[in-house]
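Report on the structure given below.
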Amino acid sequence: MAAAKRTPLISGNWKMNLNHFEAIQTVQKLHYLLPKDVYETVDVSVHPPFTDIRSVQTVIEGDGLDLILGAQHCHFQDTGAFTGEISPAFLAKLDVKLIVCGHSERREIFGETDDMVNAKVKAILKHGMTPIMCCGESLAEREAGETEAKVLGQVQAGLAGLSADQVGSLVIAYEPIWAIGTGKTATSADAQTVCRAIRTAVAAQFGAEAATAVRIQYGGSVKAGTTEELMSQPDVDGALVGGASLDPEEFARIVQFAAG
Ligand code: PGA
């Protein structure tokens, strides 16, 4: 099973943490801690706040690091009267490769809807970047037995109108809301069940090839100690890591467990 798996992607979502000086130090330390050959078996991305992106880009490109530059969010329009928003075109210009969209914090705190997430997925793809599209259920939804209905509804809405090739190229992050920043993680068996359900839904809508290619991450209180078991699940292709990604040593351990 492992041989057939997609290249895992471990993504550090820094959220609103680390200023640009701290960002540079964190990236340099992470690079120092990771053996060069780790990148042969795992992709590693960092998603700093917008104000750090230029600084991190300069370090990654200047020092020739193998880390992938990511962002946490963007608007779906290229330009316009959207005070405070960031265009995906600007991020592409900074060599950003991966953009998180539809994170539950964006959906719940900032009112992002499924339609907005879908528009962002399309905008990110249009600019040659890869979306990490998040989905996940609340504790109440889980307890009501609505996990798959909620998650698959978000996936279907978020991918609406995409081609099978586009779907195969993207990343979906399954992040149960109750596990984010709480120290509670879904068991690896639970994560596998939902990731498998997502892949099955992708296969039904976009075909087997897209379903085999799409990478599905788990996110929610991932730590080094939980990574190995999580990564042994056949439908889990990586992790979206929040809190633990702020500590380069812990994040490097997570990456190394994912590399196998
Ligand atoms: P956490 O965050 O690892 O701190 O739970 C994950 C995320 O929200 O991406």
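This structure is a prediction, so every number in the text was calculated from the model and none was measured. Every number for a ligand or one of its atoms is a count from 1 in the order of the listing.
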Where ligand 1 meets His103 - atom numbers and elements under 4.0 angstrom, heavy-atom basis: 7 (C), 8 (O), 9 (O)

Per-residue contact class, Asn13 against ligand 1 - non-hydrogen pairs under 4.0 Å: side chain

Side chains of Glu141 and Thr147, donor plus acceptor under 3.5 Å: no

Short side-chain donor-acceptor distance under 3.5 Å, Asp66 and His31: no

Where ligand 1 meets Glu175 - atom numbers and elements under 4.0 angstrom, heavy-atom basis: 6 (C), 7 (C), 8 (O), 9 (O)

Residue, atom name and distance, where the atom is the protein heavy atom closest to atom 2 (O) of ligand 1: Lys15 NZ, 3.2 Å

Glu146 atom CD: more than 12 heavy-atom contacts under 6.0 Å: yes

Distance-only N or O hit between ligand 1 and Gly242, under 3.5 Å: yes

Atom indices of ligand 1, in the order listed, that fall short of 4.0 Å to a heavy atom of Gly243: 1 (P), 3 (O), 4 (O)

Atoms of ligand 1, numbered as shown, that sit under 4.0 Å from any heavy atom of Ala179: 5 (O)

Sidechain N-carboxylate O distance under 4.0 Å for Glu250, Lys223: no

Results of side chain to side chain contact (heavy atoms under 4.5 Å, CB included) for Gln192 - residues two or more places apart only: Arg196, Gln233, Pro234, Asp235, Val236

Heavy atoms from other residues, nucleotides or ligands near CD of Gln77 exceed 12 (cutoff 6.0 Å): yes

Atom indices of ligand 1, in the order listed, that fall short of 4.0 Å to a heavy atom of Gly220: 5 (O)

Ligand-residue contact atoms, ligand 1 with Gly181, heavy atoms, under 4.0 Å: 1 (P), 4 (O), 5 (O)

Proximal ligand 1 atoms for Leu240, defined as those under 4.0 Å from one of its heavy atoms: 6 (C), 9 (O)

Atom indices of ligand 1 within 4.0 angstrom of Ser221 heavy atoms, with elements: 1 (P), 3 (O), 5 (O)

Where at least one partner belongs to residues 79-98, residue pairs that pass side chain to side chain donor-acceptor pair (under 3.5 Å), sequence neighbours excluded: His73-Glu85

Residues Arg54 and Gln57: side-chain donor-acceptor under 3.5 angstrom: yes

